[in-house]
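Heads up, the thing below is written out as structure tokens.
Note on naming: letters A, B, ... go to the chains in the order of the sequence lines (proteins, then strands), and numbering restarts at 1 for each one.
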Protein chains: 2
Amino acid sequence: MKKIKPINDARKTGTDLVFSAIRQNSPTPRIDIVKQTGLSPATVTSITADLILNGLIEEVPAVKSTNYQKRGRPRVDLKIRGDAHLVVGMQLTDKMATVVIVDFDGKQISDYSLPSAKPVRSALETVDLLEKALRKSLENANLKIADISGVGIGIPGIVDGPAGYVYWSPTISDREIFLQDMLVDRLDIPVFLDNDANLVAIAEQRFGLGREARNFIVVSVEEGVGMGIVIDGKLYRGSHGCGAELGHTKVHLDGALCRCGQRGCLEAYVGDYALLREAGTALEALSGKSAELQMDILLNEAKKGNQMAASIVERAGRMFAMGLANVVNIFAPELIILAGRRMQYDYLYHDGMIAEMKKSIMQVGAPSPEVRVHKWGDLMWTMGAAAFAIDGVSEIALKDLN
Amino acid sequence: MKKIKPINDARKTGTDLVFSAIRQNSPTPRIDIVKQTGLSPATVTSITADLILNGLIEEVPAVKSTNYQKRGRPRVDLKIRGDAHLVVGMQLTDKMATVVIVDFDGKQISDYSLPSAKPVRSALETVDLLEKALRKSLENANLKIADISGVGIGIPGIVDGPAGYVYWSPTISDREIFLQDMLVDRLDIPVFLDNDANLVAIAEQRFGLGREARNFIVVSVEEGVGMGIVIDGKLYRGSHGCGAELGHTKVHLDGALCRCGQRGCLEAYVGDYALLREAGTALEALSGKSAELQMDILLNEAKKGNQMAASIVERAGRMFAMGLANVVNIFAPELIILAGRRMQYDYLYHDGMIAEMKKSIMQVGAPSPEVRVHKWGDLMWTMGAAAFAIDGVSEIALKDLN
DNA sequence: CTATTTTAATTTGCTAATCAAATTAAATAA
DNA sequence: TTATTTAATTTGATTAGCAAATTAAAATAG
């Protein structure tokens, strides 16, 4: 018995094309939409009129860029209408739940975070925490839940986004839970969830450095090593909807022990705990201090020229380069974005590491990918969730519109 | 100045959808096309009528499978009409050029191969060799070049398929050549070329084990280690159209020297030359023999229990497992196809290797990919090229048809 | 200061793709 | 034979999208 799934969903309507063209090049005149989508001017006029009528986009005075046309009827820019919807992005970590409220154009309205004493929570406690954080942040902003069109949530771990299913998360004690369904029951608004690293990739695509690339990867180092892959303008999630596990890519046969239980994982060489494990046996000064303080000391010692510390940090950098090179050899993206929130990871993002990676790429003639470092603020992950929510709400809005 | 490329090409017409649905599930009734494409029965009737009129598909008596309906009007199967076109697949290697002539439905009409004394040829000599092989094979089959609707060609090395451009190939001394243009000038029929490993992936998708999967990878070990990636039913070529370089994925920091000049490449652990390099220092019996004979001896010794030989072969297998696991951690395909022509690579394809790979995959709950070994005959690569040619000719035929 | 040129956007029919609903076709079961 | 069931087709209507002509709004030439 063959399974037959419709492949027709892939067929984009003109409205979809126009809307995503506007979102991609935000304030953009109709004439450019014509060029980008390949639709006729007549069609673009009629579709955009419909979108304006429905309040999803709006006209704004054209921005006169350097290469603006000199004569002729002036262009009229179109942009997403921020007032169309309010959405929420949330990020779950071991220490807290973070919330950001943004408008439909991605403009940040307010943010809030609710600390949690318990680093690992049950499924129910997780839902409670998320709900409480959301309600509090709405209260602060003087909003009701009915004002919100959708919530995007980033969860660390192995998550099947499209199914709304969490196989496993380091901050949730229960496994294999239908977290999306639980949250929809509780909140009664659309909920979109996904692995947090995937959402950072979406944030880069919408708001960040990925706006002009069709194939790129975003690597985000924090506790672990996360990666999001965008192929042909679409987030690639693998066959079960789970994200890629760059951190558990093997860089050494029978190598260092990873917290996942396997050996030789990249994370076991570049994660905080991996560095401290080595440092602990080499530097006495560290004993008794907190993990964060220990990292500070280690990195400072390395900068000051302490040979032991420098060699630890240097090897981590080289291992990271090797892991990245493997991704490039497999994927050949045009752009690699190294997204980080904390500056302490400078040791992974310096030019030497990037040069080392480029040396490890097999390439004869073909250009090597551009590497860009994006140092976000604290809300990087949460804004990713918000971007995801905007995507989801857009899809619903366009479908409703017929 | 922003580059703006139309993203509209992606929009499939109903005819495209129907035709590819038929090709995928070859003999298939209209009612199933309705389910798969999401089009209405009316539309499917009218489109298929048009395709039949143009000779691209034909009706055949329905195959009564086990779960065939018991009552009602009987289904009428549709299939690609083999007589619609003849196409040619070719494969270039250091030793020869191989040709296969197939009909539009993929049925093999005849095959031929033309040996070449020179392992590395100039661009011009390469074109000469390919032309000669093609003309000879047509002559043998009593055909003229005008009978052929298109030629697909698999080339080892770094090839930008869509651009018809060869950055570098181990069998061509010139670099950066527009091989497609040269061949079109010479033959005056459509020519499609690509990296040979990519074409094996296409062959698996059309004729082989990849028919029912949307995300899979095909790993082919021969001289080097090749890989083709199919994402969402489409061959992924990376951002410059070149294939993935699994063979030059790094499995060891500062590891063994690879023929590409870098260190620690997978190929430097699992390729013929890598095994023989190690074996040469360990087994005297090998000296003076040909490379193929040496491999035979080595693998036989390992099977017989020679400890030295066994340890060499075993490490290669474990390295291969690690390389594969990295791909899985990054991609999470639903299926991995290990495609091989020669049986001597059994040592890479045994159950122990697959078990080792599965142990190295990060997965909590999510199912691990199915691994299948596909032992093709000699024409594996060439049939891949033919499959690619069929794709290309189909596209032209559908466009011509309006 | 008016006429001309230039580019953007819109309007006006028209065409082709696609669908829903009704109908016909071809089989089995009662 | 007649009813039932499923597949495929026909019919008539709707809609998305286009080409070509037109209008709009600016800069420049004379």
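Comparing dA20(C), dA9(C), dA25(C) by their closest approach to the side chain of T45(A) singles out dA9(C). Considering only the side chain of R73(A), dA8(C) comes nearest among dA8(D), dA8(C), dA21(C). Picking from dA25(D), dT9(D), dA8(D) the nucleotide with the shortest atom distance to the side chain of P74(A) gives dA25(D). When the nucleotides dA26(C), dA20(D), dT9(D) are ranked by their closest atom to the side chain of R30(B), dT9(D) comes out on top.
Note on E59(A) versus R30(A): salt bridge recorded, some NZ/NE/NH1/NH2 to OD/OE distance being below 4.0 Å. Between R81(A) and D103(A), none of the side-chain N atoms (NZ, or NE/NH1/NH2) sits under 4.0 Å from a carboxylate O, so this pair counts as no salt bridge.
Between the P atom of dG17(D) and the CD1 atom of I47(A) lies a distance of 5 Å, rounded to the nearest Å. One interatomic measurement links the two molecules: CD1 of I33(B) to P of dT9(D), which rounds to 11 Å at whole-angstrom precision. At whole-Å resolution of the value, NZ in K12(B) and P in dA17(C) are 17 Å apart. The nearest whole Å value for the distance from the CG atom in L39(A) to the C1' atom in dA9(C) is 15 Å. Separating the CG atom of D50(A) from the P atom of dT15(D) is a distance of 13 Å, rounded to the nearest angstrom. dA17(C) atom C1' lies 20 Å from atom CZ of F19(B), rounded to whole Å. In this structure, CD1 of I52(B) is placed 8 Å from P of dT9(D), rounded to the nearest angstrom. Between the CG atom of L51(B) and the P atom of dA17(C) there is a distance of 12 Å, rounded to whole Å.
Summarising the geometry of E58(A) relative to G82(A), their closest heavy-atom pair is OE2-N, 4.4 Å, with the distance given to 0.1 Å.
At a cut-off of 3.5 Å, with distance as the only test, a side-chain donor of R23(A) or S394(A) sits close to an acceptor on the other residue.
Under the 30°/60° scheme for interplanar angles, the aromatic rings of F331(B) and Y236(A) are found to stand perpendicular.
Side-chain N/O atoms of T43(A) include none lying less than 4.0 angstrom from OP1 or OP2 on dA16(D). Here R71(B) does not reach the OP1 or OP2 of dA30(C): none of its side-chain N or O atoms lies under 4.0 Å away.
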